[in-house]
Amino acid sequence: MSILDSTNKPSNILELFSYDLTKFFADNDYTELQSKDIEDVFMVEFEKRFPYVELGLFERVVFRMFNNKTNINGSNHVNVTMVANNRYVTKERLQTISDSLFDIYGFDDDGKGEWTNNDDKDFASKDFERQWTLGDGKLVYAIKLSYTENRGLVLKIFFFNRLIELLKDAEEPSYY
């Protein structure tokens, strides 16, 4: 069962959250975790604690920003990682998020749909992973939901800035 109801179905992952991820830098309540300078790429990570437990699981979010120093026009990207507090992780909560993402995006990259008995086994062995690669052309982004022994429960949005760009394009009125 997903966290969606038929009357107010979200059209993208951002609509699942109470917190507006696009406002991450609006306040100065984030901290810089690390920065690295690797060849032509500069990477910096910022972390923020949510004011509440998001989706009943996530207490913090990390923005990882990449800057290609040799090509400053459109080559930069942002990855978003939401990390769950292990004390909140249950099979039911993971199933709810997984099924909600299926409701929004359909089958994942491996053709998996709603939660199955195999997912029960993957959860029990802490070897669960779903990924949806979405978008088109230069605006491809991905959503990855995983639960592993080493990392716990993590929800990632790769190329978050491309998702935002797609959403902006969808809001613009058509003049033809």
Side-chain angles (χ1 to χ4, degrees), residues 2-4 8-38 41-69 72 74-105 108 123 126 128-135 139-171:
S2 73
I3 54 181
L4 314 178
N8 195 16
K9 183 179 176 187
S11 60
N12 65 73
I13 189 171
L14 299 183
E15 293 177 5
L16 292 177
F17 309 127
S18 298
Y19 182 81
D20 184 352
L21 290 173
T22 66
K23 306 281 190 233
F24 182 89
F25 292 105
D27 297 316
N28 288 332
D29 58 346
Y30 57 87
T31 57
E32 182 177 330
L33 294 178
Q34 68 173 325
S35 59
K36 291 182 182 177
D37 199 348
I38 308 165
V41 177
F42 180 73
M43 183 276 298
V44 62
E45 284 184 339
F46 299 98
E47 179 183 66
K48 178 181 281 202
R49 293 192 91 45
F50 288 124
Y52 38 79
V53 180
E54 188 66 61
L55 298 178
L57 289 162
F58 303 103
E59 292 185 325
R60 62 189 176 96
V61 61
V62 176
F63 270 54
R64 180 178 278 183
M65 305 175 78
F66 297 88
N67 182 2
N68 184 332
K69 296 183 289 187
I72 61 172
S75 62
N76 305 328
H77 74 268
V78 178
N79 293 341
V80 173
T81 303
M82 299 173 75
V83 181
N85 184 317
N86 283 332
R87 71 180 176 185
Y88 300 127
V89 177
T90 65
K91 181 184 78 164
E92 292 76 19
R93 287 183 173 149
L94 179 56
Q95 179 179 351
T96 298
I97 294 173
S98 179
D99 285 349
S100 295
L101 290 170
F102 170 70
D103 286 346
I104 295 170
Y105 296 113
D108 71 6
F123 175 81
K126 294 186 178 178
F128 175 89
E129 181 175 292
R130 297 275 181 105
Q131 181 165 318
W132 292 262
T133 303
L134 307 153
L139 295 180
V140 172
Y141 67 100
I143 297 167
K144 183 176 183 179
L145 179 63
S146 63
Y147 179 58
T148 64
E149 182 72 38
N150 292 338
R151 303 260 346 236
L153 179 60
V154 177
L155 177 62
K156 292 186 176 196
I157 305 171
F158 296 99
F159 296 100
F160 175 75
N161 52 310
R162 293 179 182 174
L163 167 60
I164 300 304
E165 190 66 31
L166 280 168
L167 295 175
K168 283 182 187 176
D169 289 349
E171 291 177 1

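FYI, the numbering just counts along the sequence from 1.
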Q | For E47, salt bridge (Lys or Arg N to Asp or Glu O under 4.0 Å) partners two or more places apart | A |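 E47 satisfies salt bridge (Lys or Arg N to Asp or Glu O under 4.0 Å) with R60 once adjacent residues are dropped.
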Q) How long is the span from the CZ atom in F128 to the CG atom in L94, to the nearest 0.5 Å? A)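 Reported value, rounded in 0.5 Å steps: 4.5 Å.
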(Q) Going by ring-ring contact (aromatic ring centres under 6.0 Å, His included), name the residues that satisfy it together with F159, two or more places apart in sequence or in a different chain. (A) H77
Q: Could I get the full list of side chain to side chain contact (heavy atoms under 4.5 Å, CB included) partners for Q34, not counting sequence neighbours?
A: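 Partners of Q34 by the side chain to side chain contact (heavy atoms under 4.5 Å, CB included) criterion, ordered by chain and then number, come out as K36, M43, E45, R64.
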**Q.** Inter-residue atom distance I143.CD1 - I104.CD1, 0.5 Å rounding
**A.** 7.5 Å
Q | Any residue meeting side chain to side chain contact (heavy atoms under 4.5 Å, CB included) with F58, in chain and number order, not counting sequence neighbours | A | F50, E54, L55, M82, A84, I97, L153, L155
Side-chain donor-acceptor pairs under 3.5 Å in residues 10-24, sequence neighbours left out?
{"unit_1": "S11", "atom_1": "OG", "unit_2": "E15", "atom_2": "OE2", "d": "3.3"}
{"unit_1": "N12", "atom_1": "OD1", "unit_2": "L14", "atom_2": "N", "d": "2.9"}
{"unit_1": "N12", "atom_1": "OD1", "unit_2": "E15", "atom_2": "N", "d": "3.4"}
{"unit_1": "N12", "atom_1": "ND2", "unit_2": "E15", "atom_2": "OE2", "d": "3.4"}
{"unit_1": "E15", "atom_1": "OE1", "unit_2": "S11", "atom_2": "N", "d": "2.8"}
{"unit_1": "Y19", "atom_1": "OH", "unit_2": "K48", "atom_2": "NZ", "d": "2.9"}
{"unit_1": "D20", "atom_1": "OD1", "unit_2": "T22", "atom_2": "N", "d": "3.0"}
{"unit_1": "D20", "atom_1": "OD1", "unit_2": "T22", "atom_2": "OG1", "d": "2.5"}
{"unit_1": "D20", "atom_1": "OD2", "unit_2": "T22", "atom_2": "OG1", "d": "3.2"}

(Q) Can you list everything that forms a salt bridge (Lys or Arg N to Asp or Glu O under 4.0 Å) with D27? Sequence neighbours excluded, please. (A) none
Q) Got a sec, which residues hit side chain to side chain contact (heavy atoms under 4.5 Å, CB included) with E59, two or more places apart in sequence or on another chain? A) R49, V53, N85, R87, Y88
Q: Please list, chain by chain and in numerical order, all residues satisfying side-chain hydrogen bond (donor to acceptor under 3.5 Å, both in side chains) with K126, sequence neighbours excluded.
A: none
Q: Hey, could you give me the CG/CG distance between L139 and N161, rounded to the nearest 0.5 Å?
A: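 If we round to the nearest 0.5 Å, L139:CG and N161:CG are 9.0 Å apart.
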Q: Identify the heavy atoms of F63 and V78 that sit nearest to each other, and give their distance.
A: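 Heavy atoms only, the tightest pair is CD2-CG1, 3.6 Å.
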(Q) Check whether K9 reaches the backbone of D103 with its side chain - one donor and one acceptor, N or O, closer than 3.5 Å. (A)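 At least one qualifying donor-acceptor pair exists.
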Q | Partner residues of T133 under the side-chain hydrogen bond (donor to acceptor under 3.5 Å, both in side chains) criterion, sequence neighbours left out | A |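 Testing T133 for side-chain hydrogen bond (donor to acceptor under 3.5 Å, both in side chains), a comparison that skips the adjacent residues, returns D109.
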Q) Do the non-hydrogen side-chain atoms of L101 and D108 ever get within less than 4.5 Å of each other? A) no
Q. Who passes salt bridge (Lys or Arg N to Asp or Glu O under 4.0 Å) against R93, sequence neighbours left out?
A.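 Once residues adjacent in sequence are excluded, R93 has no partner under the salt bridge (Lys or Arg N to Asp or Glu O under 4.0 Å) criterion.
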Q: Fit a plane to each ring of Y105 and Y141, take the angle between them on a 0 to 90° scale, and name the class: parallel (under 30°), tilted (30 to 60°) or perpendicular (over 60°).
A: perpendicular
Q) What pairs with K156 under salt bridge (Lys or Arg N to Asp or Glu O under 4.0 Å), at least two apart in sequence or on another chain? A)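 For K156, no residue satisfies salt bridge (Lys or Arg N to Asp or Glu O under 4.0 Å) once neighbours in sequence are set aside.
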Q. At what distance, to the nearest 0.5 angstrom, does CG of L134 lie from CZ of R162?
A.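 Going from CG on L134 over to CZ on R162, the span is 12.5 Å.
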Q) Can you check whether F66 reaches N79 side chain to side chain, under 4.5 Å on heavy atoms? A) yes
